[in-house]
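Every heavy atom of this structure was used, including side-chain atoms; hydrogens, water molecules and symmetry mates were not. All values derive from a computational prediction rather than experimental measurement.
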Amino acid sequence: MRQATANQETVPAGRRLSERGLLGLLLLVALLNGLVFVFLVPPWQHYDEPTHFEVAWLAAQLDRLPRPGDSDPEFSRAVVTSMVQNRFYGPDTTSGLPAQDAQVTVPGYPQLDEPPVYYLLASLPLRLLKLAGVEDVTTGLRAARLASLLLFVLTVFCAWGIIRELTRPGHPLRWMVPLSLALLPGFADLMTAVNNDVGAVAVSSLFLWGAVRLVQRHFSFWNLAWSLAAVGLAYVTKITALYTLALLPVALLLALTRGSRRPLAWAAVLLGGLVLLAAALSWGDAATWARNTFQAENTRLETPQAPLGGAVFQLSLPAGSSATYEHQLHQLIALPEGLSLQGKTVTVGAWMWADAPVTTSAPLYNSYNALE
């Protein structure tokens with residue numbers, strides 16, 4: 001008779017009951033801690049929360065997925081007003097309110113071209129508020145955060161499932177890992193925000209659970225379908241979760257190779273990783289400069305038109321992209337050098353030209369000195 005393993009274990013009924021009780025307690029801790037962050041963190045104080053909330057709000061109001069160009073001027077004005085009143089810009093709750101005749105847009109990086117799944121989920125409580133006649137955007141933000149809270153609890157559940165596949169019954173990691181996730185302040189803060197990063201983390205966790213089951217247990221079409229479904233969800237949730245697509249063949253290869261063939265599988269994984277790393281690297285950008293543009297062309301271009309030296313910066317703006325956020329180059333200055341410039345006059349300039357009419361800003365020098 002084959003001995004039971006950690007991933008195919010025989011657990012007495014009493015122990016199964018205690019495991020379920022422990023799981024319920026872990027999920028309850030995650031739920032309660034998440035609720036604290038939902039209501040403790042002031043409105044709009046997460047990364048790009050206003051623009052992520054805008055997508056969910058428009059989905060609820062339009063009864064369809066919003067598209068680039070969709071807007072609601074009254075909603076935008078209400079969001080900016082709420083941000084001022086909730087001290088997003090400082091303690092003054094009157095200064096900065098938009099004028100009645102001003103055109104107002106939700107501040108932040110636009111998210112209307114993001115994949116839809118997270119926003120559809122976040123729009124569900126907003127649809128209920130719409131049916132109840134509640135139009136307050138701050139209340140709507142709290143409601144949308146509750147949708148993220150459910151994904152937070154799901155992620156903790158997935159962490160428990162992953163560790164359960166890797167350890168034997170009674171191992172302390174079975175409660176330590178999910179409890180740590182449930183109580184980690186930074187993680188709980190992120191996972192209760194209105195942000196599609198929450199969806200990306202949740203579907204990635206779901207995939208990792210399925211992939212671990214695929215490797216730890218004998219190959220089954222159920223676990224393969226689980227992993228494939230999670231990859232599909234990742235594709236329609238956020239592009240940053242698409243690393244799951246690269247991990248799926250690894251999990252499948254390890255699931256199909258056991259015993260003496262496993263080292264060969266790991267060697268193939270290592271070789272494939274090196275090939276992918278080499279393919280991901282690109283050459284030709286300006287040295288020591290960070291780009292914030294999705295252009296296919298290199299940012300360094302050799303040309304006789306260069307007023308100084310033999311090369312210039314080349315920036316192109318793809319159709320549909322934002323000139324405000326995607327048409328930039330940055331060079332970080334070391335802290336000692338930056339501190340040495342304090343109190344001094346800094347002159348920043350450039351020769352600039354374009355092959356078509358364009359509105360742009362002059363070069364900027366930004367100082368982010370936390371020691372001031």
Side-chain angles (χ1 to χ4, degrees), residues 1-38 148-192 197-231 233-234 237 241 243-244 247-248 250-259 262 265-266 269:
M1 181 179 294
R2 182 170 53 84
Q3 184 178 2
T5 62
N7 51 32
Q8 290 182 325
E9 53 197 42
T10 301
V11 183
R15 180 171 289 179
R16 285 200 301 268
L17 183 60
S18 64
E19 279 201 349
R20 291 174 182 173
L22 176 61
L23 174 61
L25 181 60
L26 291 170
L27 298 183
L28 179 61
V29 170
L31 178 65
L32 294 178
N33 191 44
L35 283 172
V36 170
F37 279 87
V38 166
S148 294
L149 173 61
L150 294 180
L151 294 177
F152 175 44
V153 175
L154 172 63
T155 302
V156 173
F157 178 49
C158 291
W160 172 85
I162 292 170
I163 298 301
R164 186 174 183 271
E165 293 294 326
L166 298 173
T167 59
R168 294 187 178 277
H171 199 287
L173 285 178
R174 291 198 174 192
W175 62 266
M176 292 175 63
V177 171
L179 183 63
S180 298
L181 279 183
L183 295 178
L184 189 63
F187 187 66
D189 177 51
L190 168 68
M191 294 298 290
T192 51
D197 282 336
V198 179
V201 171
V203 298
S204 297
S205 302
L206 194 63
F207 165 79
L208 290 176
W209 188 3
V212 169
R213 285 174 58 94
L214 195 60
V215 174
Q216 288 291 99
R217 302 171 181 242
H218 287 293
F219 175 86
S220 73
F221 287 102
W222 157 245
N223 289 325
L224 177 60
W226 177 337
S227 303
L228 286 171
V231 171
L233 281 174
T237 300
Y243 73 91
T244 56
L247 291 181
L248 180 60
V250 176
L252 187 57
L253 177 63
L254 295 177
L256 294 174
T257 55
R258 296 182 178 276
R262 182 60 66 84
W266 279 114
V269 169

>> I'd like to check the side-chain hydrogen bond (donor to acceptor under 3.5 Å, both in side chains) partners of Thr257; sequence neighbours left out, ordered by chain and number.
In response: none
>> Once ring-ring contact (aromatic ring centres under 6.0 Å, His included) is applied, do any residues pair with Phe37, and if so which ones, sequence neighbours excluded?
In response: none
> If you look at every heavy atom in Leu214 and Ser220, which pair is closest and at what distance?
Replying inline: CD1-O, 4.0 Å
>> Once ring-ring contact (aromatic ring centres under 6.0 Å, His included) is applied, do any residues pair with Phe207, and if so which ones, sequence neighbours excluded?
In response: none
> Quick one: side-chain hydrogen bond (donor to acceptor under 3.5 Å, both in side chains) partners of Asn33, sequence neighbours excluded?
Replying inline: none
> Which pairs, with at least one residue in residues 200-212 and sequence neighbours excluded, count as a side-chain hydrogen bond (donor to acceptor under 3.5 Å, both in side chains)?
Replying inline: Ser204-Tyr243
> Where is the tightest heavy-atom contact between Thr237 and Gly199, given as atom of each residue plus distance?
Replying inline: CG2-C, 3.5 Å
> Under 3.5 Å, side chain of Arg174 to main-chain N/O of Arg168, donor-acceptor pair present?
Replying inline: yes
> Considering all heavy atoms of both residues, which atom of Val156 and which atom of Pro178 are nearest to each other, and what is their separation?
Replying inline: CG1-O, 3.7 Å
>> Suppose we screen for ring-ring contact (aromatic ring centres under 6.0 Å, His included). Which residues come up paired with Trp266, at least two apart in sequence or across chains?
In response: none
> For Ser227, which residues count as a side-chain hydrogen bond (donor to acceptor under 3.5 Å, both in side chains) partner, sequence neighbours excluded?
Replying inline: none
> What are the two closest non-hydrogen atoms of Ala230 and Val203, and how far apart are they?
Replying inline: CB-O, 4.2 Å
>> Going by side-chain contact (heavy atoms from CB on, under 4.5 Å), name the residues that satisfy it together with Val212, two or more places apart in sequence or in a different chain.
In response: Ile162, Glu165, Leu166, Gln216
> Does the side chain of Phe157 come within less than 4.5 Å of Leu23's, by heavy atoms?
Replying inline: yes
>> Per the salt bridge (Lys or Arg N to Asp or Glu O under 4.0 Å) rule, what does the pair list look like for residues 197-210, sequence neighbours excluded?
In response: Asp197-Lys238
>> Show me the pairs that pass side-chain hydrogen bond (donor to acceptor under 3.5 Å, both in side chains) and involve residues 181-192, at least two apart or across chains.
In response: His46-Asp189
> When rounded to the nearest 0.5 angstrom, what distance separates OG1 in Thr155 from CH2 in Trp160?
Replying inline: 15.0 Å
> Does any non-hydrogen side-chain atom of Leu206 lie less than 4.5 Å from one of Trp226?
Replying inline: yes
> Residues two or more places apart in sequence or in another chain: which of them pass side-chain contact (heavy atoms from CB on, under 4.5 Å) with Leu150?
Replying inline: none
>> What verdict does the side chain to side chain contact (heavy atoms under 4.5 Å, CB included) test give for Leu256 and Phe219, after you've listed the backbone C-alpha separation in whole Å, the side-chain angles of each residue and the deciding distance to 0.1 Å?
In response: CA-CA 7 Å; Leu256 294 174; Phe219 175 86; 4.0 Å; yes
>> Can you give me the closest heavy-atom contact between Arg213 and Asn223, atom names plus distance?
In response: NE-OD1, 2.8 Å
> What's the spacing between Thr244 OG1 and Leu233 CG if we round to 0.5 Å?
Replying inline: 9.5 Å
>> How close do Ala182 and Val29 get, counting heavy atoms only, and between which atoms?
In response: CB-CG1, 4.4 Å
>> My understanding is that only residues two or more places apart in sequence, or in another chain, count here; which of them pass side-chain contact (heavy atoms from CB on, under 4.5 Å) with Leu184?
In response: Phe187
> Out of curiosity, Leu173 CG to Leu179 CG, how far, rounded to the nearest 0.5 Å?
Replying inline: 12.0 Å
